[in-house]
Undergrad: 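Sharing a structure here in structure tokens format.
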Amino acid sequence: MAIAKRAPAAVNQTTNPVARVDALDWPQITSELDAQGCAVLKNLLTPEDCRTMAALYPDDVHFRSRIVMGRHGFGRGEYKYFSYPLPDLIAQLRPALYAHLQGVANRWNEAMGIDIRYPAGHAAFLKRCHDAGQARPTPLLLQYEAGDFNCLHQDLYGEHVFPLQVAILLSEPGRDFSGGEFVLTEQRPRMQSRAEVVPLVQGDAVAFAVHHRPVQGTRGTYRVNLRHGVSRIRSGQRHTLGVIFHDAK
């Protein structure tokens, strides 16, 4: 048993992002998603991956648009949406992560009585988005400075929404920045909202519900609404890579 537990960690040292995704403990991740609406994906990127991705931010050739959050009431800070073709790392991560999350998405929709089902491959789902006019890529790179924060929100972008997404921390807490925790809130029917603060280190990712998820109650399954954000950066600079699986109008 000890050897079986160590094997994924060894495989996860590879620089191949698809192998790193496949080496994660997906049964445990799925269990945490079902129980909490979020799950940590440990060591998804190497420190070198993180530095390479964060270093793209100043070069607008990689991006289709820049959003200054304060201008729109989204918080403080800024982010940029990547353009197609996506950088190789993201282009590989996106379908690899989707392949493992697609089953969760279909099971959640079935439990909530939603008729929509998601195809096994990400390319087929993107075709569905593009055929409906959602053709702008949604992976994004976020940059926060001291005093910045991200208000609670949902990344929907159009009629076709994949119900899970992934955020990857590219900076190292305590070295590059302080504060800036990932926060998820869950609004439950006739109850007060529940908050979840997700601790991450450089290279860790969090997979989480975009909009809503099913919860098993004493009278059957009910639907809860979720929003996510980032608490105030107290010092330094924080970069995050957001991997959203549906495209935007």
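Since the model is a prediction, treat every value here as computed from it, not as a measurement. Values below: every heavy atom of this structure, side chains too, minus hydrogens, waters and symmetry copies.
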Undergrad: Is a side-chain N or O of R136 found less than 3.5 angstrom from the main chain of D247, in a donor-acceptor match?
TA: no

Undergrad: Between CZ of R94 and CG of L126, what distance do you get to the nearest 0.5 Å?
TA: 5.0 Å

Undergrad: Looking just at side-chain N and O atoms, do Q154 and N225 make a donor-acceptor pair shorter than 3.5 Å?
TA: yes

Undergrad: Calculate, to the nearest 0.5 Å, the distance between atoms CD1 and CG belonging to I168 and D49 respectively.
TA: 9.0 Å

Undergrad: Minimum heavy-atom separation for Q216 and T221, please, with both atom names.
TA: OE1-OG1, 2.9 Å

Undergrad: So do L170 and L141 actually touch side chain to side chain, heavy atoms under 4.5 Å?
TA: yes

Undergrad: Which heavy atom of S231 sits nearest a heavy atom of G179, and at what distance?
TA: OG-C, 4.4 Å

Undergrad: I want to check something: taking the side chain as every heavy atom from C-beta on, are Y84 and P137 in contact at a cut-off of under 4.5 Å?
TA: yes

Undergrad: Whether the side chain of S31 engages the backbone of P27 through a donor-acceptor N/O pair (distance < 3.5 Å, no angle test) should be reported.
TA: no

Undergrad: Would you compute the distance between atom CG of D60 and atom OG of S65 and round it to the nearest 0.5 angstrom?
TA: 10.0 Å

Undergrad: At what distance, to the nearest 0.5 angstrom, does CG of L44 lie from CG of L93?
TA: 5.5 Å

Undergrad: Surrounding CG of D88 (heavy atoms of other residues, nucleotides or ligands, distance under 6.0 Å), is the total greater than 12?
TA: no

Undergrad: Determine whether a donor-acceptor pair (N or O, by modelled atom type, separation under 3.5 Å) exists between the side chain of R234 and the backbone of G180.
TA: no

Undergrad: Looking at F149, does the NZ or CZ of R232 lie under 6.0 angstrom from its six-membered ring centre and within 45 degrees of the ring axis?
TA: no

Undergrad: Tell me every residue that passes ring-ring contact (aromatic ring centres under 6.0 Å, His included) with W108, counting only those two or more places apart in sequence or in another chain.
TA: none

Undergrad: Tell me if a side-chain donor or acceptor on H246 pairs with a main-chain N or O of F162 at a distance below 3.5 Å.
TA: yes

Undergrad: Tell me if the aromatic rings of F125 and F245 count as close, with their centers under 6.0 Å from one another.
TA: no

Undergrad: Members other than V68 in its cluster, when Ile, Leu, Val, Met, Phe, Trp, Tyr link by side-chain heavy atoms under 4.5 Å?
TA: none

Undergrad: Tell me, do Q237 and D176 make a side-chain contact under 4.5 Å, heavy atoms counted?
TA: no

Undergrad: Is there a path of hydrophobic side-chain contacts, each under 4.5 Å between heavy atoms of I, L, V, M, F, W or Y residues, that connects I116 with I244?
TA: no

Undergrad: Please report the shortest heavy-atom distance between Q92 and P17, naming the atom on each side.
TA: OE1-CG, 3.6 Å

Undergrad: In chain order, what residues pass the side-chain hydrogen bond (donor to acceptor under 3.5 Å, both in side chains) check against Y222, with sequence neighbours excluded?
TA: none

Undergrad: Between R64 (side chain only) and T138 (backbone N and O only), is there a donor and an acceptor less than 3.5 Å apart?
TA: no

Undergrad: Among the clusters formed by ILVMFWY side chains lying less than 4.5 Å apart, do Y98 and L89 turn up in the same one?
TA: yes

Undergrad: When you compare the side chain of I90 with that of H62, does any pair of heavy atoms fall below 4.5 Å?
TA: no

Undergrad: Decide side chain to side chain contact (heavy atoms under 4.5 Å, CB included) for E145 and I233; before the verdict, give the C-alpha distance in whole Å, the side-chain angles of both, and the deciding distance to 0.1 Å.
TA: CA-CA 7 Å; E145 308 283 351; I233 310 298; over 6 Å; no

Undergrad: What pairs with Y79 under side-chain hydrogen bond (donor to acceptor under 3.5 Å, both in side chains), at least two apart in sequence or on another chain?
TA: none

Undergrad: Would you call the rings of F63 and Y57 parallel, tilted or perpendicular, where under 30° means parallel and over 60° means perpendicular?
TA: tilted

Undergrad: Checking D148 against R238 for the salt bridge (charged side-chain N to carboxylate O under 4.0 Å, His left out) test, could you report, in this order, the C-alpha distance in whole Å, the side-chain angles of both residues, the deciding distance, and whether it holds?
TA: CA-CA 10 Å; D148 291 348; R238 181 188 192 273; over 6 Å; no

Undergrad: Would a hydrophobic clustering, with Ile, Leu, Val, Met, Phe, Trp and Tyr connected at side-chain separations under 4.5 Å, put V40 with V183?
TA: no

Undergrad: Measure the shortest side-chain to side-chain distance between D204 and L169 over non-hydrogen atoms and say whether it is less than 4.5 angstrom.
TA: no

Undergrad: Answer yes or no: is there a donor N or O on one side and an acceptor on the other, between the side chain of N106 and the main chain of Y118, under 3.5 Å?
TA: yes

Undergrad: ring-ring contact (aromatic ring centres under 6.0 Å, His included): which pairs involve residues 180-209, sequence neighbours left out?
TA: F182-F208, F208-H228

Undergrad: Say you draw a straight line from CG of L226 to CZ of R223; how long is it, rounded to the nearest 0.5 Å?
TA: 12.0 Å

Undergrad: For K42, is there an ion pair with D25 - N to carboxylate O distance below 4.0 angstrom?
TA: no

Undergrad: Would R194 and E196 count as a salt bridge (charged side-chain N to carboxylate O under 4.0 Å, His left out) here? Give the steps.
TA: CA-CA 7 Å; R194 179 180 74 93; E196 180 87 3; 3.2 Å; yes

Undergrad: Determine the minimum heavy-atom distance between S83 and V61, stating which atoms define it.
TA: OG-O, 4.1 Å

Undergrad: List the steps and the verdict of side chain to side chain contact (heavy atoms under 4.5 Å, CB included) for T30 and R107.
TA: CA-CA 11 Å; T30 298; R107 185 163 45 77; 3.3 Å; yes

Undergrad: I'd like to check the ring-ring contact (aromatic ring centres under 6.0 Å, His included) partners of Y144; sequence neighbours left out, ordered by chain and number.
TA: none

Undergrad: Do the side chains of F177 and L200 join up, straight or via other hydrophobic residues, at under 4.5 Å, putting them in one cluster?
TA: yes

Undergrad: Side chain to side chain contact (heavy atoms under 4.5 Å, CB included), that's the test. Do K80 and L56 meet it? Break it down for me.
TA: CA-CA 10 Å; K80 294 179 179 180; L56 297 179; over 6 Å; no

Undergrad: Nearest heavy-atom pair of P47 and Q202: which atoms, and what distance?
TA: CB-OE1, 3.9 Å

Undergrad: Considering residues, nucleotides and ligands other than Q187, do more than 12 of their heavy atoms fall under 6.0 Å from its CD?
TA: no

Undergrad: Does some side-chain heavy atom of R128 sit less than 4.5 Å from a side-chain heavy atom of P119?
TA: yes

Undergrad: Check whether V210 and V243 end up in the same hydrophobic cluster, where Ile, Leu, Val, Met, Phe, Trp and Tyr are linked by side-chain heavy atoms less than 4.5 Å apart.
TA: no

Undergrad: To the nearest 0.5 Å, what is the distance between OG (S171) and CD (Q143)?
TA: 9.0 Å

Undergrad: In the structure I gave you, are the side-chain heavy atoms of H100 and L41 within less than 4.5 Å of one another anywhere?
TA: no

Undergrad: Checking L101 against V166 for the side chain to side chain contact (heavy atoms under 4.5 Å, CB included) test, could you report, in this order, the C-alpha distance in whole Å, the side-chain angles of both residues, the deciding distance, and whether it holds?
TA: CA-CA 10 Å; L101 295 171; V166 173; 4.2 Å; yes

Undergrad: For the side chain of Q134 and the backbone of E159, is there at least one donor-acceptor N/O pair under 3.5 Å apart?
TA: yes

Undergrad: Tell me the closest heavy-atom pair linking A207 and L33, and the distance in Å.
TA: O-CD2, 3.5 Å

